[in-house]
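Before any comments, here is the structure.
Predicted model, so just to flag it, every value in this text is computed and none were measured. Every chain is numbered from 1, with letters handed out A, B, ... down the list of sequences.
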Number of protein chains: 2
Amino acid sequence: MAKKGQYTYEYPHPAVTADCVVFGYDGKELKVLLIRRGLEKEASTMAYVGEWALPGGFLDVEKDRTVAHTAARELKEETGLKLSYREFREVGTYSDIKRDPRERVITVAHYALVKLAEVQADTDADKAEWFAFGDVPSLAFDHDKILRDAFSRLKQNIHFEPVGFELLPEVFTLPQLQNLYESILEVKFDRRNFANKMKHYEILSEVDDGTPRRGTRTPIKYRFDRENYDRLKRSGFQLEF
Amino acid sequence: MAKKGQYTYEYPHPAVTADCVVFGYDGKELKVLLIRRGLEKEASTMAYVGEWALPGGFLDVEKDRTVAHTAARELKEETGLKLSYREFREVGTYSDIKRDPRERVITVAHYALVKLAEVQADTDADKAEWFAFGDVPSLAFDHDKILRDAFSRLKQNIHFEPVGFELLPEVFTLPQLQNLYESILEVKFDRRNFANKMKHYEILSEVDDGTPRRGTRTPIKYRFDRENYDRLKRSGFQLEF
DNA sequence: TGTTTTTTGTGTCATATTTACACACCGACA
DNA sequence: TGTCGGTGTGTAAATATGACACAAAAAACA
């Protein structure tokens, strides 16, 4: 542990943190990973002890290459989830002078998308919990606003990036994909038109798992065709819904 | 001037700055406001002395309410331009561990749009200069990248916000507006189709300055109809071009 | 001054895109 | 065995987009 008062500067410096909004999808609704504050590190110096909050923590000035690295490191420490710094997308900076009661703390918020089924086992249930997006309790600091902003950003980015495919399992069905889009965009689509549009983009490939379909009731399984998507993206397009 | 070593922390803290990309439009092309480093404050402690850079500077931990306030304050100090903190839109955070050779400095980049004709007189020509966006020299730090990113962000935001109207004078013509859109989006539009679409949105009002138009060569003057725009926005729309 | 060039405003038609909509199949469940 | 619910599929109407030409006058030029 570092000695107190070891680091001095000519002018005051703020502390900098990175916070993570991790979105998952369980096939029905969007979920968010939260932690309960104060169960870990020394609680005495902490604010908002016992409240729910976004995972996140202080930038390691000497080691973290960027704040996205901070986000990845802290997420791992606080929830057990291992993501690469490249998986974080920036939401924004929150710098209000009074946002932390202890000292001036500026946070850079990020969001990340995970395949819930694949990571649920990795999340340390003692510290972290998945909440339905609509059921999130009131959060510490300005994390309520950060969460809302992260969702808005996701909602925008869905038009430019295949966010749906990052949230679904490798193999998924059209109804699942549609449901996810509807959850994020908060609208309803006509099933047939949605299928047509998706088909038109040619970014889905049917998965043939050997078993012949035994009736239309069993939905067709698809896989995201990243190669075609990348080609489309290079030619400059927008996913319209 | 503060005494050296006055501010101590248990853990190292980064310095935080705000940088500003100020876009203007002269009727022909997009312009950016740059400053030459080292002409102001004590140059001895400075990096990149003499090079061109974006206006910006250190967060005043005790006084600046948010980093947008820092941006506004520094822009005023360095270029004479007075903008409200509300006029800055965040571009992103630049936190690479090596981005400043002196100490760890994290910057939050912003952009702002100004009506060039109205502010050109306010810009302190000794310190700052307007450059055509295409003619910007190589900049200090990672400001080249910040500038590119700010432009991309502007290009995206033009679909959601009436950015064109913030760059043009109160009263403008359709050809001016089209030219601006073409500059930002880097495409060409058909004059008639552009006019039709704009007309269709109903966010322009003709300005009647008394003088009857004496021929089609004199373009019709318009004013942005913010009331109609706000109504449209509330009903959830997108400016498509 | 006259001539040429440039700029602007305007409307229609062909094509592409979007939206609305109905039925047949079969598995799940009672 | 019957009913219910979820899935797949195609077409027609409405809407949006994209291409296109001419007339008028200002501006540039000789």
Side-chain angles (χ1 to χ4, degrees), chain A residues 26-29 158-159 164 168-169 171-183 185-223 232 235-241, chain B residues 25-29 158-160 164 168-169 171-183 185-223 232 235-241:
Chain A
D26 67 354
K28 287 201 163 162
E29 50 186 356
I158 203 172
H159 298 292
L168 289 169
V171 170
F172 53 88
T173 68
L174 222 37
Q176 280 181 310
L177 183 63
Q178 177 173 348
N179 191 274
L180 175 52
Y181 268 82
E182 289 176 344
S183 302
L185 290 169
E186 299 177 296
V187 291
K188 289 287 175 191
F189 297 112
D190 178 275
R191 195 159 41 90
R192 294 154 288 190
N193 293 337
F194 184 85
N196 283 341
K197 193 167 296 193
M198 267 299 162
K199 211 169 160 184
H200 176 254
Y201 284 129
E202 298 181 307
I203 53 180
L204 300 182
S205 357
E206 277 193 35
V207 173
D208 184 5
D209 59 355
T211 60
R213 290 183 62 237
R214 296 178 317 284
T216 60
R217 174 84 188 248
T218 341
I220 298 174
K221 295 196 176 65
Y222 293 94
R223 184 189 302 285
L232 255 185
S235 70
F237 84 122
Q238 245 195 80
L239 290 158
E240 293 287 358
F241 289 97
Chain B
Y25 186 67
D26 68 354
K28 287 200 165 164
E29 50 187 356
I158 203 172
H159 297 292
F160 303 104
L168 289 169
V171 170
F172 52 87
T173 68
L174 222 37
Q176 280 180 311
L177 183 64
Q178 176 172 348
N179 192 274
L180 175 53
Y181 268 82
E182 290 176 342
S183 301
L185 291 169
E186 300 177 294
V187 292
K188 288 285 175 193
F189 297 111
D190 179 276
R191 195 159 39 92
R192 292 154 289 190
N193 293 337
F194 184 84
N196 283 341
K197 193 166 296 192
M198 267 300 164
K199 211 168 160 185
H200 176 252
Y201 283 129
E202 299 181 308
I203 54 180
L204 300 183
S205 357
E206 278 193 35
V207 172
D208 184 4
D209 59 354
T211 60
R213 289 183 63 235
R214 297 179 315 284
T216 61
R217 174 85 188 243
T218 338
I220 298 174
K221 295 197 178 64
Y222 293 93
R223 185 188 302 283
L232 256 185
S235 70
F237 83 120
Q238 244 195 78
L239 290 158
E240 292 288 357
F241 289 97

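Once rounded to the nearest 0.5 Å, the distance linking CG of A:L174 with CE of A:M198 reads 7.5 Å.
Straight-line distance from the OH atom of A:Y222 to the P atom of D:dG8: 6 Å, rounded to whole Å. The CZ atom of B:F194 sits 15 Å away from the C1' atom of C:dG9 (whole-angstrom rounding). Whole-Å rounding puts the A:I220 CD1 to D:dT7 P distance at 11 Å. Following rounding to the nearest Å, A:K221 (NZ) and D:dT7 (C1') show an atom-to-atom distance of 13 Å.
In this structure B:E186 satisfies the side chain to side chain donor-acceptor pair (under 3.5 Å) test together with B:K155, sequence neighbours excluded. In this structure, A:Y222 has no ring-ring contact (aromatic ring centres under 6.0 Å, His included) partners at least two apart in sequence or on a different chain. Under the rule for a side chain to side chain donor-acceptor pair (under 3.5 Å), B:E206 has no partner lying at least two apart in sequence or in another chain.
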statement: For nucleotides 17-24 of chain D, 5' to 3', base contacts (B), sugar-phosphate-only contacts (S) and non-contacts (-) with protein non-hydrogen atoms under 4.0 Å give SBBBB--B
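For residues 187-196 of chain B, the pairs satisfying salt bridge (Lys or Arg N to Asp or Glu O under 4.0 Å) are B:E182-B:K188, B:D190-B:R192, with sequence neighbours left out.
The aromatic ring centres of A:F241 and A:Y181 sit less than 6.0 Å apart.
Using a 4.5 Å heavy-atom cutoff, the side chains of A:F172 and A:K221 are not in contact. Under the 4.5 Å side-chain criterion, counting only non-hydrogen atoms from C-beta, B:H159 is not in contact with A:H159.
For the contact set between residues 175-182 of chain A and DNA chain C, defined by any heavy atom under 4.0 Å, there are no members.
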